[in-house]
Amino acid sequence: MAKVKQDKLRARLPRGFVDRSAADIRATDAMVARIRQVYERYGFDPVETPAFEYTDCLGKFLPDTDRPNAGVFSVQDDDEQWMSLRYDLTAPLARHVAENINEIQLPYRTYRAGWVFRNEKPGPGRFRQFMQFDADTVGAAGVQADAEMCMMMADTMEALGIARGDYVIRVNNRKVLDGVMEAIGLGGDENAERRLTVLRAIDKLDKFGPEGVALLLGEGRKDESGDFTKGAGLNSDAIEKVITLLDVGNISEEVIKEHPAAQARRAQGGMAGSEYEAHRADLVFGGYSRLLYSSSTGLSGQAELRTIWDLVKAAGYGDGRIRIDPSVVRGLEYYTGPVYEAELLFDVTNEKGEVVQFGSVGGGGRYDGLIKRFTGRDVPATGFSIGVSRLMTALKNLGKLGDEDVLAPVLVTVMDGDTGALGRYQQMTQTLRAAGIRAEMYQGNWKKFGNQLKYADRRGCPLAIIQGSDERAAGEIQIKDLIEGKRLSGEITDNVTWRESRPAQVTAREADLVETVRAMLAAQAEDRRAAKGN
RNA sequence: GCAGACGUAGCUCAGUUGGUUAGAGCGUCGGAUUGUGGCUCCGAAGGUCGGUGGUUCGAAUCCACCCGUCUGUACCA
């Protein structure tokens, strides 16, 4: 016997994957619906591509194509072609557009939600399968398309219940970063590797602060466990320039208020939030100018940012919802111009009650070269991605989700298991369903009646319908209010009394089934509202 | 990938310097109560002590390797 047990299969979930509960699925559906509503209102249309793509279509633009299974899940098809599970929704869109370029009317405004897969180390809140919700404009070269993306991200945050001031869309431009690297002598193909190291170091600003970034730009940095990360090896002059750039966006309130234009404005009676932001932007652009005067690439990046800023300001988004920020880096490979990301500004606590650094919940940018790989012709595009799973974790801990719990069904209990009686119970159940009330007939072993109520209780059923032969003969039913009954249970300690008093149970005419159930459910809903109010 | 910590029942954890049959609480199931949830009481099931190999008369305990989890770090399209 023991041997049989040894051979027993162990049920186990693959590392980094999760099963989703009813509550999770409902919360995700609700979130996706709200995001979709925003995208639709902006005039975007849905498209869907499969989870698998040929590996070369996903990864040709990557420098590390020689490692087909690093980071992605790949398999070989019957014909020995490599296929991979998609790791984002942008590369598949590029493939779709390129393949259908003659049928698609450009500019193509499109959105899609879907699961993506990454073969990397999972952590808390980090999975190997997660959902993204993307929007892209393909075939629009002007930065007005990028400005619109930023505004749409802001609207999406608010549609999800994140208050204005609790999030910010930070915008930068890869050309500005490239300009600074030119200025410190890292231009040219021979320095590509070091440029990448510098970008990675900059990306760590929110994690390690300016001091940590400076170490990574120089010799390197040692972490808590004593592990050493080799740095970019820049000299102190170059490090200072990069740190200065990152610091350009870090302007204190006092400095902004000392701005000459701001002082004049204040003399006339105060400064609105949008004016404060405008002065802040002026100071940021001034800082860019001082650092980038020698780089034409950098200056054109700055000009693009200026245009984006003017556009979002004109549309009323210049009140702190969207900010120019020199420390935004984003995806290291294919972005060519403006990059943007959405960041939450409130504290997020995990299951243990610890405050965690949440970072960005979505981001994107302009990728003018991605589709050209397939078509050979210029097809500029810009778009962004929202990490649905990640954002949901944040919202769940905030209590912004899970409010709209679905009510468990009314349980029609079974007192008598012969076919005739079962038919009558089934018919009652259908009558409730036809009236739009969620209901089910007990499907377990009917002979243990106590178990039926126990089942109803644990399932969270609001009501139980009971009809034994006595009630049947009288044309009646018993309706038990399980919520009220649970409340009363606190006052009864003796089991015999508890059973015989049949707490919170009413008798009704069978003909009044729907009417009585409706009234009792309405009363419970009213109680819940009242309780929430307190 | 690198560095560190940790793996005992479904869950949370005890387990003495290496010593007989590895325990508790919670949960699960059954009964007290075949037409009434909760409480209470009684009873039961549930463990290759993460795996493999080694040291030893003897290993949950010591050693090596592997697997897994967690933390930091790298990578993250």
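Computation of the quantities below employed the complete heavy-atom set of this structure, encompassing side-chain atoms and omitting hydrogens, waters and symmetry-equivalent molecules. Letters A, B, ... mirror the listed sequences (proteins, then strands); counts begin at 1.
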Nearest-Å distance once atom [atom1] is located in both [N] and [M]:
N	M	atom1	value
B:rU21	B:rA3	P	40 Å
B:rA64	B:rU20	P	25 Å
B:rG37	B:rU33	P	13 Å
B:rA14	B:rA22	C1'	10 Å
B:rA32	B:rU48	C1'	37 Å
B:rC26	B:rC66	C1'	34 Å
B:rC49	B:rG23	P	14 Å
B:rC42	B:rA5	P	45 Å

- prompt: What nucleic acid atoms does A:T493 come within less than 4.0 Å of, heavy atoms only: base, sugar-phosphate, or nothing?
  reply: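 A:T493: base contact, heavy atoms under 4.0 Å.
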
Touch class at under 4.0 angstrom, heavy-atom based, for A:G485 against every strand present: base

Taking only side-chain nitrogens and oxygens of [X], does any of them come within less than 4.0 Å of OP1 or OP2 of [N]?
X	N	answer
A:R499	B:rG35	no
A:K448	B:rG37	no
A:K121	B:rC2	no
A:K204	B:rC76	no
A:W498	B:rU36	no
A:R502	B:rG37	no

- line: What one should report as the nearest heavy-atom pair of A:L246 and A:P326 is CD2-O, 4.0 Å

Quick one: which of [options] gets closest to the side chain of [X]?
X	options	answer
A:D470	B:rG35, B:rU36, B:rC75	B:rG35
A:R118	B:rA74, B:rA77, B:rG37	B:rA77
A:L482	B:rU36, B:rG37, B:rC75	B:rG37
A:Q505	B:rG68, B:rA77, B:rU36	B:rU36
A:K486	B:rG37, B:rU69, B:rC76	B:rG37
A:N495	B:rG35, B:rG37, B:rU71	B:rG37
A:R221	B:rU73, B:rC76, B:rG35	B:rU73
A:R126	B:rG35, B:rC75, B:rG37	B:rC75

Between the protein and nucleotides 26-29 of chain B, list the N/O to N/O atom pairs that are separated by less than 3.5 angstrom.
residue	atom	partner	partner atom	Å
B:rU28	OP1	A:R458	NH1	3.1
B:rU28	OP1	A:R458	NH2	3.4

message: Taking donor-acceptor contacts at under 3.5 Å, does the side chain of A:E471 reach the base of B:rG35?
response: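 When only heavy-atom distances are counted, A:E471 does reach the base of B:rG35 through a donor-acceptor pair under 3.5 Å.
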
- line: Pairing string of RNA chain B (Watson-Crick or G-U wobble, both atom distances under 3.5 Å; | = paired to other strand) is (((((((..((((.....[...)))).(((((.......))))).....(((((..]....))))))))))))....

field: Value in whole Å for how far the C1' atom of B:rG35 lies from CD of A:E476
entry: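 Roughly 15 Å, once rounded to whole Å.
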
message: Using side-chain heavy atoms (C-beta onward) and a distance below 4.5 Å, is A:M181 in contact with A:R194?
response: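 SC-SC contact between A:M181 and A:R194 ruled out.
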
message: Is the base of B:rA77 stacked against the aromatic ring of A:Y87, taking ring centres under 5.5 Å apart and planes under 30° as the test?
response: yes

query: Is the NZ or CZ atom of A:R390 positioned over A:F130's six-membered ring, under 6.0 angstrom from the centre and within 45° of the axis?
result: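 Not satisfied by the 6.0 Å and 45° rule.
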
query: Quick check, are the ring centers of A:F117 and A:Y87 under 6.0 angstrom apart?
result: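 No, the ring centres sit 6.0 Å or more apart.
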
